[in-house]
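A quick write-up on the structure given underneath.
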2 protein chains.
Amino acid sequence: MEEEGATTVSSRVLAQRVGTTAAQVRKDLSLFGTFGTRGLGYEVRSLRERLREILGLAQEWPIALIGAGRIGSALFEYPNLRRRGFEIVTILDRDPRKIGRSWDGVRIRSIDEVGEVIERLRIKVALVAVPASEAQGVVDRLVGCGIRGILNLAPARLRVPDGVTVNEVDLALELEVISYALGARGTVPGEIRQDVTSDP
Amino acid sequence: MEEEGATTVSSRVLAQRVGTTAAQVRKDLSLFGTFGTRGLGYEVRSLRERLREILGLAQEWPIALIGAGRIGSALFEYPNLRRRGFEIVTILDRDPRKIGRSWDGVRIRSIDEVGEVIERLRIKVALVAVPASEAQGVVDRLVGCGIRGILNLAPARLRVPDGVTVNEVDLALELEVISYALGARGTVPGEIRQDVTSDP
DNA sequence: TACCTTTTGTGAAGGTTTTCACAAACTCGT
DNA sequence: ACGAGTTTGTGAAAACCTTCACAAAAGGTA
């Protein structure tokens, strides 16, 4: 919206863009303080800035990529991560044939160096892209070295201690969600919705 | 559990495995019918079979992969999709240098053939892995050809008509969720939980 | 068969989230 | 400076979801 030249935006327009209702937008924002001006709406630039603060996106996050296979490679080349403030600053793998190579200037290191690297680069978040069978072991080591957040792409349910945040992405599961939605003949609880705003 | 030799399982054990409560498991299942035997629990094999039916996973789903770039390639090689009943049976791209090549026996075709291919192979679900700027255009064509479900990996918000199911996966967004969770000083609504069962 | 144990299925209670609706606060044009 | 027109922030109501708790139904045992 900033790039489109808008200086101000209403809850109704925001809701339309993100697919929810105006009341929801206002309630959600109100949980963090008061952002808008009555009769006018929200000032785009300052709203953006305050949301960035709240979401913890005012800083750059250095990321460790664990697993230099197909998926790891695709993630590394994915330009969107960097654009959104997440930079993969180290790559760790187990395979001796990969260790020592570089991707675009970033050395692939042995997973055994995990502690040293994480401390030196002050890494708090890791992207785990290893086979499912190795995921739990890798995660245990990461947590042991002080990693606080993990985005897990391996189709494995991970156990982590309190205080560590795990977010799982399982593409097969996402396809299963679609499969269920398509199969739902008639009306079944849990149908996929595509909401549109409606406020006076 | 079937592989582990269990023939029967209680709601409590199921809950532990998936990270919820026994009551929740029972309520959820009860929405679709009655599955268990009082005093004994659920028969593993038949529960699995009925859940597969409900989720629409009793069939194999042929999938169209749109976009033969890095991400498309990683998806294609991702063994988990096939294991879970989703098989990529055609690959479509726009780049003439890629069209005509094959990945593991699957020809990369021109996006212009989309209608013909989808009809011939009876494809209902597509995996969209194209740049964000092209996503909406591609999706419009897919929907026009009768695609009913889309798993979108492009970081773009898609508009589709009613009756088409879209599921978006945005890795940067998932990292932002972690960023927020780590930043949350003290207790803030929406904290990440790691539930464990507790039932008498 | 009778009784004890286990575990489901499910109303009711409790809790959370979303929507409604409106006073208060602001802008803008005159 | 004033009045008409917007739009926020938010209590209250409605909707939704989860947990509780227990009768009912089964298996096992003697």
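Below, chain A is the first sequence line, B the second, and so on; all start at residue 1. Below, each value reflects all heavy atoms present in this structure, side chains not excepted, and no hydrogens, waters or symmetry copies.
- For A:R12, the listed nucleotide lying nearest its side chain is D:dT7; candidates were D:dT7, D:dT10, C:dG9.
- When the side-chain nitrogen and oxygen atoms of A:Y42 are compared with OP1 and OP2 of D:dG9, one or more of them lie within a distance under 4.0 Å.
- Taking every side-chain heavy atom of B:K27 into account, C:dT10 is the closest of C:dT10, D:dG9, C:dT19.
- Rounding to the nearest 0.5 Å places CG of B:L81 at 6.5 Å from CG of B:L127.
- Under 4.0 angstrom from either OP1 or OP2 of C:dT17 there lies no side-chain N or O belonging to A:Q24.
- Going from atom CZ of B:F32 over to atom P of C:dT8 covers 18 Å, rounded to whole Å.
- For B:L47 and C:dG9, the CG to P distance is 10 Å, given to the nearest whole Å.
- When rounded to the nearest whole Å, the span between CG of A:L29 and P of D:dT10 equals 11 Å.
- If you check the side chains of B:R70 and A:S73, you find a donor sitting under 3.5 Å from an acceptor.
- The interatomic distance linking B:L31 (CG) with C:dG9 (P) rounds to 12 Å, in whole Å.
- Side-chain nitrogen and oxygen atoms of A:S30 include none within less than 4.0 Å of the OP1 or OP2 phosphate oxygen of D:dG9.
- Taking atom CD on A:E43 and atom P on D:dT7, their separation rounds to 16 Å, with Å as the unit.
- Counting only distance, with no hydrogens or angles, the side chain of B:W61 and the backbone of A:L175 share no donor-acceptor pair below 3.5 Å.
- Within the 4.5 Å cutoff, no side-chain heavy atoms of B:V164 are placed close to those of B:I147.
- Side-chain contact annotation: B:R26 with B:S11, donor-acceptor N/O pair under 3.5 Å present.
- With hydrogens and angles disregarded, no donor-acceptor distance shorter than 3.5 Å links the side chain of B:N167 to the backbone of A:I178.
- Nucleotide D:dT8 holds its P atom 13 Å from the CZ atom of A:F35, rounded to whole Å.
- When the side-chain nitrogen and oxygen atoms of A:T21 are compared with OP1 and OP2 of C:dT19, one or more of them lie within a distance under 4.0 Å.
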Atom pairs under 3.5 Å: protein N/O with N/O of nucleotides 22-27 of chain D:
| from | atom 1 | to | atom 2 | distance (Å) |
| --- | --- | --- | --- | --- |
| D:dA24 | N3 | B:R38 | NH1 | 2.9 |

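- Note on B:S10: every side-chain N or O is 4.0 Å or more away from OP1 and OP2 of C:dT7.
- Residues B:T20 and B:V25 are in side-chain contact: their nearest non-hydrogen atoms beyond the backbone lie under 4.5 Å apart.
- The C1' atoms of five pairs define one axis at each end of the helix from C:dT1-D:dA30 to C:dT30-D:dA1, and these two axes lie 10° apart (to 10°).
- The side-chain heavy atoms of B:D170 and B:L153, taken from C-beta on, include no pair separated by under 4.5 Å.
- Between the P atom of C:dT8 and the CG atom of B:D28 lies a distance of 14 Å, rounded to the nearest Å.
- The side chain to side chain contact (heavy atoms under 4.5 Å, CB included) search around B:A132 returns B:P155, B:A156, not counting sequence neighbours.
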